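Here's the structure we're looking at; comments come further down.
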Amino acid sequence: MKELEDRIRRDGIVKGGVLKVDAFLNHQCDVELFDAMGAEWARLFEGAPINKILTIEASGIGIACIAARHFGNAPVVFAKKAQSINLDGEQYSTTIYSFTKQREFPVIVGRRFLSPDDHILIIDDFLANGCALEGLIALCESAGATVEGIGIGVEKGFQGGGDKLRAAGYRVESLARIAAMDAETGEIAFVEA
Ligand code: 5GP
């Protein structure tokens, strides 16, 4: 998606292995851009029987909620990062390794909000190694829900998470795919469409 790539070139900052996009994606939010991203996912996933969107707190929530406007106002469920896993049976839970925080944390979704009737579009701001998505997929599997596809804002292609998920048969649509980035020059190269 050219609009997102242009914005990354303009406002993205490369810091070591991390691309900071907090000027428009995950701290300050450009809702007009979010709206265009939602429209693009709706175009890409046209015809898929999506009835719910699943994301993870915190940065996924805003993007997913605006995207939902393009999916017939489908409800948005976000996996919560929990202090500990509560085994009271009312939640699906798994653990996710965080690339940015370099530690594992538990995530939960209430059983009331995911079921075998659900056809899920997973949305997240970033895809790096794929750990966050693997956790969200595991929550869907626990609930017997069908993952119709995965919509990502920025995929760091060189970390391999996207290719792993595609090889496992998931449809992953990333609106910007980064082939390489240089922390010294700040240069960012995108995967050719
Ligand atoms: P993964 O689990 O795929 O390795 O990483 C996905 C999560 O890590 C995203 O939800 C995002 O919060 C964070 N993340 C990974 N790489 C980056 C990055 O380069 N920049 C930013 N801003 N977040 C990242």
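Please read all numbers here as calculations on a predicted model, not as lab measurements. Both counts, for ligands and for their atoms, begin at 1 and track the order of listing.
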Salt bridge check: are [X] and [Y] linked by an N-O gap of less than 4.0 Å?
X     : Y     : answer
Arg43 : Glu40 : yes
Lys80 : Glu57 : no
Asp6  : Lys2  : yes

Any N or O of [X] closer than 3.5 Å to N or O of ligand 1:
X      : result
Gly130 : yes
Met181 : no
Val21  : no

Original post:
Does Lys20 have a heavy atom less than 4.0 Å from any atom of ligand 1?
Top reply: no
Subject >> Proximity winner for atom 4 (O) of ligand 1, if only heavy atoms of Leu165, Asn26, Asp125, Asn129 are counted >> reply: Asn129
**OP:** Going by heavy-atom distance to atom 5 (O) of ligand 1, choose the closest among Ser59, Cys131, Ala128, Gly161.
**Re:** Ala128
As an exercise, identify every atom of ligand 1 less than 4.0 angstrom from a heavy atom of [X].
X      : answer
Leu19  : 18 (C), 19 (O), 20 (N), 21 (C), 22 (N)
Lys156 : 16 (N), 17 (C), 18 (C), 19 (O)
Asp124 : 10 (O)
Ala132 : 2 (O)

Original post:
Of all heavy-atom pairs between Arg166 and Ser174, which one has the smallest distance, and what is that distance?
Top reply: NH2-OG, 3.7 Å
Taking the side chain from [X] and the backbone from [Y], do they hold a donor-acceptor pair closer than 3.5 Å?
X      : Y      : value
Thr55  : Ile123 : yes
Asp125 : Gly153 : no
Lys52  : Phe113 : yes

Original post:
Would Ile188 and Phe126 show up in the same hydrophobic cluster when neighbours are defined by side-chain heavy atoms closer than 4.5 Å?
Top reply: yes
Original post:
So which protein heavy atom does atom 15 (C) of ligand 1 come closest to, and at what separation?
Top reply: Phe99 CD2, 3.3 Å
